[in-house]
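The shown structure was predicted, so the numbers you read here are calculated from the model rather than taken from an experiment. Each chain gets a letter, A, B and so on, in the order its sequence line appears, and its residues count up from 1.
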Amino acid sequence: PPAEGDHDEL
Amino acid sequence: MNIFWLTGDLSHLAAIVILLLKIWKTRSCAGISGKGQLLFALVFTTRYLDLLTSFISLYNTSMKLIYIACSYATVYLIYMKFKATYDGNHDTFRVEFLVVPVGGLSFLINHDFSPLEILCTFSIYLESVAILPQLFMISKTGEAETITTHYLFFLGLYRALYLVNSIWRFYFEGCFDLIAVVAGVVQTILYCDFFYLYITKVLKGKKLSLPA
């Protein structure tokens with residue numbers, strides 16, 4: 001899962 | 001990335017491009033809420049500040065840049081190039097009633113009390129209600145051009161697809177962003193009435209007009 005604060009979505 | 005995420009992004013892109021092309025081809029922004037477009041430009045600006053601090057992928061960076069560029073181009077066309085066609089008399093939604101509470105909420109409920117994260121949260125909350133000036137304008141004039149309804153359809157569809165993406169990521173990646181999901185549900189609900197009119201009228205070849 002992506003790290004918190006990692007905004008991979010648009 | 002999954003199919004709902006990708007089609008959500010493409011639907012969002014389609015909406016933005018449809019609106020830009022509509023204004024450009026007809027040389028007119030009649031029926032389009034300039035205030036709404038200013039809000040979307042603000043949404044993209046505050047959300048994509050992480051372009052300066054983190055790199056996720058070439059896809060992510062280029063889409064963010066395209067969204068920002070298109071939203072500013074749209075604002076430019078409405079308020080500068082085709083200003084004479086802008087229907088300001090019907091674009092009377094009080095945006096401060098959205099921006100101020102949403103700003104307060106983003107300070108209170110966020111993932112991390114840091115400037116970038118607060119601005120990003122602000123953008124998520126603001127995006128969920130940013131369509132209201134446009135819907136308000138349609139309710140005032142009682143009608144919308146068919147191409148404008150296509151724009152609204154893709155804009156609404158995008159967030160609905162993102163909700164499915166959130167469910168997908170919860171099951172298959174174990175990640176869940178409550179703020180994005182709640183805002184996404186609010187955003188999608190605001191489109192429901194429009195979706196109904198779009199399916200029952202526009203897709204059957206009729207113009208979207210509201211009863212007087």
Side-chain angles (χ1 to χ4, degrees), chain A, chain B residues 1-2 4-6 8-13 16 43-44 46-51 53-57 59-68 110-114 116-121 123-124 127 158-159 161-163 165-166 168-177 179-181 184:
Chain A
E4 195 161 343
D6 182 13
H7 299 287
D8 54 351
E9 293 176 2
L10 297 165
Chain B
M1 172 163 264
N2 56 66
F4 302 106
W5 182 348
L6 179 64
D9 286 350
L10 294 179
S11 171
H12 200 178
L13 183 64
I16 294 168
V43 163
F44 289 134
T46 49
R47 183 168 317 164
Y48 298 154
L49 285 173
D50 66 348
L51 277 170
T53 60
S54 59
F55 178 81
I56 290 154
S57 66
Y59 170 81
N60 184 278
T61 300
S62 28
M63 288 295 265
K64 283 174 175 171
L65 290 174
I66 292 170
Y67 285 179
I68 292 176
N110 51 57
H111 289 308
D112 178 29
F113 201 77
S114 67
L116 223 58
E117 192 58 36
I118 290 171
L119 283 169
C120 179
T121 308
S123 84
I124 290 171
E127 186 193 353
Y158 131 72
R159 204 69 207 186
L161 287 166
Y162 252 54
L163 283 178
N165 166 50
S166 292
W168 180 286
R169 297 191 81 184
F170 175 71
Y171 277 107
F172 296 105
E173 297 172 36
C175 57
F176 186 74
D177 183 342
I179 288 178
V181 170

message: Are there over 12 heavy-atom neighbours, none belonging to Tyr171(B), within less than 6.0 Å of that residue's OH?
response: no
- prompt: Is the number of heavy atoms from other residues, nucleotides or ligands under 6.0 Å of Phe170(B) CZ greater than 12?
  reply: no
query: Hey, what do you get for CD1 (Ile124(B)) to NE2 (His7(A)), rounding to the nearest 0.5 Å?
result: 6.5 Å
Which atoms of Phe44(B) approach chain A - backbone, side chain, both or neither, heavy atom under 4.5 Å: neither
- prompt: Are side-chain N/O atoms of Glu9(A) and Asn165(B) paired as donor and acceptor at under 3.5 Å?
  reply: yes
- request: Taking Tyr48(B) for its side chain and Leu10(A) for its backbone only, find out whether a donor-acceptor pair lies under 3.5 Å.
  value: yes
- prompt: Taking the side chain as C-beta and beyond, is there a heavy-atom pair between Tyr59(B) and Asp8(A) under 4.5 Å?
  reply: no
